[in-house]
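All values reported here derive from a predicted model rather than from experimental measurement.
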Amino acid sequence: LEIPKFAGDPLQFRAFWDAFKTSVDQNANLGGAQKLAYLKGYMVQNSEAERALAGWDNTDDEYPKALAHFKARFGDEELLKDALTTRLLD
């Protein structure tokens, strides 16, 4: 499964998250530090998404916190509704 790069567009979040979750997040052979490194690696350089993860250290303890922050920032249902509305009105 190919994981697309993510820049922060809420309309692209679900596709990114589904691929990342299947390939990385649910992989029991990877520790939190590795998962966070992978998550950061799939961000588009100099994007809003990359900046959202920049302050988190690649440690096992930080992964669940960084992931919760990331999902709240880009996967929020209200944010998705707003983005869809904006796209439809443009």
Side-chain angles (χ1 to χ4, degrees):
L1 179 64
E2 185 174 333
I3 302 172
K5 291 274 188 173
F6 184 70
D9 181 351
L11 298 175
Q12 301 300 317
F13 178 78
R14 193 172 309 256
F16 169 78
W17 176 246
D18 287 347
F20 185 84
K21 178 176 66 173
T22 300
S23 298
V24 178
D25 187 62
Q26 294 178 340
N27 186 336
N29 294 319
L30 298 174
Q34 292 169 304
K35 291 177 183 181
L36 185 51
Y38 277 117
L39 181 61
K40 289 178 177 182
Y42 284 110
M43 300 300 105
V44 172
Q45 283 189 329
N46 300 313
S47 68
E48 185 178 350
E50 183 184 56
R51 288 187 296 276
L53 292 171
W56 298 95
D57 294 329
N58 291 356
T59 65
D60 290 343
D61 290 340
E62 292 285 289
Y63 177 66
K65 298 172 196 171
L67 183 60
H69 171 76
F70 179 74
K71 290 170 71 177
R73 174 66 187 87
F74 299 106
D76 178 70
E77 290 298 320
E78 288 301 315
L79 183 63
L80 178 58
K81 288 177 190 176
D82 290 347
L84 283 169
T85 300
T86 300
R87 173 112 5 123
L88 290 172
L89 295 175
D90 283 346

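Partners of Asp61 by side-chain contact (heavy atoms from CB on, under 4.5 Å), not counting sequence neighbours, listed by chain and number: Thr59. In terms of the side-chain contact (heavy atoms from CB on, under 4.5 Å) criterion, residue partners of Ala7 (sequence neighbours excluded) are, by chain and number, Val44, Ser47. Contacts of Lys65 classified as salt bridge (Lys or Arg N to Asp or Glu O under 4.0 Å), with partners at least two apart in sequence or in another chain: Glu62. The side-chain contact (heavy atoms from CB on, under 4.5 Å) test applied to Ala15 returns no partner, not counting sequence neighbours. For Glu78, the side-chain contact (heavy atoms from CB on, under 4.5 Å) test picks out Asp76, Lys81, with sequence neighbours left out. With sequence neighbours left out, the salt bridge (Lys or Arg N to Asp or Glu O under 4.0 Å) criterion links Glu77 to Arg14. Qualifying salt bridge (Lys or Arg N to Asp or Glu O under 4.0 Å) partners for Asp60, counting only residues two or more places apart in sequence or in other chains: none. With sequence neighbours excluded, the residues that form a ring-ring contact (aromatic ring centres under 6.0 Å, His included) with Phe74 are Phe6, Phe70.
You'll find the side chain of Val24 stays beyond 4.5 Å of the side chain of Leu39, heavy atoms only.
Of the inter-residue distances, the one linking Trp17 atom CH2 with Ile3 atom CD1 reads 10.0 Å to the nearest 0.5 angstrom. Interatomic distance, Asn58 CG to Lys40 NZ, rounded to the nearest 0.5 Å: 4.0 Å.
The stretch residues 30-59 participates, sequence neighbours left out, in these ring pair (Phe, Tyr, Trp, His ring centres under 6.0 Å) pairs: Trp56-His69. Annotation: salt bridge (Lys or Arg N to Asp or Glu O under 4.0 Å) contacts involving residues 21-38, sequence neighbours excluded, are absent.
Contact between Asn29 and Asn27 at its shortest, heavy atoms only, is N-OD1, 2.8 Å. For the pair Asn46 and Arg51, the tightest heavy-atom approach, listed with the atom from each and the gap, is O-NH1, 2.8 Å. Shown here for Glu2 and Ala19, the closest heavy-atom pair between the two residues is O-CB, 3.9 Å. When every heavy atom of Gly31 is checked against every heavy atom of Gln34, the shortest pair comes out as N-OE1, 2.8 Å.
Within a 6.0 Å sphere centred on CD of Gln45, other residues, nucleotides and ligands contribute 12 heavy atoms or fewer.
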